[in-house]
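Comments concern the structure below.
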Amino acid sequence: METLRPLLAEHPFFEGLEPRHLDLIVGCAINVRFDAGTFIFREGEEANAFYIIRHGQVALEIFVPQRGPLTIQTIGQGEVLGWSWLFPPYHWHFDARAVTLTRAIALDGQCLRAKCEEDHDLGYQLVKRFAHIIMQRLQATRLQLLDVYGVRS
Amino acid sequence: MVPHPYRVRRRRRETHDTFTLELQPASREGMDDERLPLGQEDAERDIPIASPQPPSTVPAFLPGQFNMLYLFGVGEVPISISGDPADSTTLAHTIRAVGTVTAALRALRPGDMVGVRGPFGSHWPLSDAEGNDVVLIAGGIGLAPLRPAVYRILAERAKYGRVVLLYGTRTPADILYRRELARWRSHFDFDVLITVDHALGNWRGNVGVVTTLIARAPFDPLNTVAMMCGPEVMMRFAARELVRRGVPVDRIFISMERNMKCAIGFCGHCQFGPTFVCKDGPVLPYRGVKDLLTIREL
Ligand SMILES: Cc1cc2nc3c(=O)[nH]c(=O)nc-3n(C[C@H](O)[C@H](O)[C@H](O)COP(=O)(O)OP(=O)(O)OC[C@H]3O[C@@H](n4cnc5c(N)ncnc54)[C@H](O)[C@@H]3O)c2cc1C
Ligand code: FES
């Protein structure tokens, strides 16, 4: 576990976090690897982790009957995957599939939730960081919805 | 300035609504062609059509400049030059068919005539960017005016630091210049990141808006010159993201494709605040237009 500490400490997502909070987070982290084509999680499953992508590319997909999987967004190196572990009822809303071989650090959601309940300062720090990601994704989604490349009518 | 007669050498389909016309100066004998009756007045557009000497080679242009393409009896439209500035025999224009004139241009066949006025306008600051990293950001058809910049940079690669092209488009089927993008990508010293707004599960590339690529792209913000062309909304957001990453505002350049008519600073059709896109643009420093970009109508 100790070996993951420097990786997490260097990651922009955890920038500015107090060492004691980082220690708590490292205790919930493991290294994971997904071969190309495998699912990291699937819609409806229990959301019990989030991932910091170290290498590779992950597609967030939604399965549309008669059309197949549609990719909503891709998440690449250095980015954070998954926030459903943070909000009840803790279920994934999309499928996440490794497009290429993907290495990531998985952070156990149950473990983190328990620590956040015990230490609300840690909880605030994490929620603040996820709120920022959620805001960025919302802005990007709004731009996507604008269909800026469509022909003006 | 009167249009020069050109002939379509080739029409290449790029996507379902976009095509590239390769034009060559028409020969003397071509000037008798009935499809472009020279020496007439186009009363509606008020553009005098004389019988100019056709140039034997394509006039030199700088990456970022545009031509006015004229179809007799249909109209005239500004279209960026999308070809290689080192190629003096062929003029390339990549066009998206959106309305009357562009649809008529799509219907052209090899041998057909087109009138060309130009080149007009400002150009990408490629000389000023020497010694710096270069970030090219294109959205949709906006890749067309950046392609000559890519050709120039690749021809003079040693003059630049890291070079990265970020390209966003609607779906994988809307990607322009596929084969060339693959070729550029294969250079060790040229990064190409592509993203689409929507894709089916078999697409292995990025999905998301082009602004998301800025954070991932390898360049040194403080020593970067950014050049972008695409929908204005996209450029607004991309510029903000570049600034957030640390690129100085005065090193960001955008190409504005507001509609124009005379292309010589005469009619006021393209006026954008104190700026005339046809005369001062289309390539403009972002600092000068950033406040105007949010004005609803100009
Ligand atoms: C400097 C400059 C460079 C350009 N370069 C290119 C290029 O390389 N390739 C290319 O395909 N187009 C380019 N354009 C846009 C092109 O000039 C217009 O699409 C064209 O004038 C439309 O004419 P039309 O008669 O086909 O359509 P119209 O019948 O006049 O209009 C059809 C529809 O297109 C919309 N439209 C018209 N002009 C524009 C515009 N400038 N931007 C967005 N929507 C528009 C109209 O609002 C309308 O909805 C450029 C424009 C400028 C000013
Ligand atoms: S198009 Fe006439 S002033 Fe610019």
Side-chain angles (χ1 to χ4, degrees), chain A residues 11-13 15 35-39 42-43 53-81 94-102 132-133 135-153, chain B residues 15-18 95-99 102-103 138-143 167-176 193-218 229-238 240-241 244-245 257-259:
Chain A
H11 197 278
F13 184 73
E15 198 183 303
D35 288 328
T38 55
F39 283 91
R42 303 196 82 144
E43 183 182 345
I53 308 300
R54 295 178 56 201
H55 305 285
Q57 168 126 309
V58 178
L60 275 187
E61 297 175 345
I62 184 155
F63 188 84
V64 183
Q66 279 149 29
R67 282 179 78 186
L70 290 181
T71 306
I72 288 163
Q73 196 201 359
T74 48
I75 292 169
Q77 188 172 328
E79 294 181 318
V80 174
L81 168 69
F94 299 106
D95 296 337
R97 189 173 52 85
V99 180
T100 57
L101 170 72
T102 299
H132 185 72
I133 291 184
M135 180 200 71
Q136 283 180 325
R137 300 266 162 89
L138 176 63
Q139 281 175 348
T141 307
R142 283 177 175 159
L143 261 187
Q144 260 168 297
L145 285 176
L146 273 179
D147 193 19
V148 289
Y149 308 120
V151 176
R152 262 197 257 165
S153 52
Chain B
T15 71
H16 74 284
D17 63 357
T18 304
I95 305 163
R96 185 176 189 192
V98 295
T102 47
I141 185 80
L143 184 56
Y167 177 39
T169 186
R170 202 177 189 199
T171 71
D174 294 305
I175 294 173
L176 296 178
L193 300 179
I194 301 174
T195 187
V196 300
D197 273 353
H198 310 282
L200 295 174
N202 56 3
W203 163 249
R204 288 168 57 86
N206 298 302
V207 177
V209 284
V210 74
T211 48
T212 57
L213 298 179
I214 294 171
R216 295 183 209 168
C229 184
E232 286 182 24
V233 182
M234 181 213 91
M235 293 199 286
R236 236 155 71 197
F237 280 84
R240 274 184 222 160
E241 194 60 34
R244 207 159 61 144
R245 230 195 114 171
E257 303 208 329
R258 294 266 168 132
N259 249 344

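Throughout, protein chains are lettered first and strands after them, A, B, ... in sequence-line order, and every chain is numbered starting at 1. We use all heavy atoms of the structure for the numbers below, so side chains are in, but hydrogens, waters and symmetry mates are not. Predicted model only: the values in this text are computed from it and were never measured.
The shortest side-chain heavy-atom distance between B/D174 and B/H16 falls under the 4.5 Å cut-off. At least one side-chain heavy atom of A/I133 sits less than 4.5 Å from a side-chain heavy atom of A/F13.
The contact between A/Q136 and chain B is made entirely by side chain atoms (from C-beta outward), counting heavy-atom distances below 4.5 Å. Proximity to chain B is limited to the side chain of A/R97, based on heavy atoms less than 4.5 angstrom apart. Proximity to chain B is limited to the side chain of A/Q57, based on heavy atoms less than 4.5 angstrom apart. With a 4.5 angstrom heavy-atom cutoff, A/L60 does not touch chain B via any of its atoms. With a 4.5 Å cut-off on non-hydrogen atoms, A/E61 touches chain B through its side chain but not through its backbone. Proximity to chain B involves both the backbone and the side chain of A/A140, based on heavy atoms less than 4.5 angstrom apart.
A search for salt bridge (charged side-chain N to carboxylate O under 4.0 Å, His left out) contacts involving B/R216 returns A/E79, not counting sequence neighbours. The salt bridge (charged side-chain N to carboxylate O under 4.0 Å, His left out) search around A/R142 returns none, not counting sequence neighbours.
In terms of heavy-atom pairs under 4.5 angstrom with chain A, the leader among B/G142, B/G99, B/A199 is B/A199. Most heavy-atom pairs under 4.5 Å with chain A, from the set B/H198, B/M234, B/R204: that is B/R204.
A distance of 6.5 Å separates CD in A/Q139 from CZ in B/F237, rounded to the nearest 0.5 Å.
Side-chain atoms of B/N206 come within 3.5 Å of backbone N or O of B/I194 as a donor-acceptor pair.
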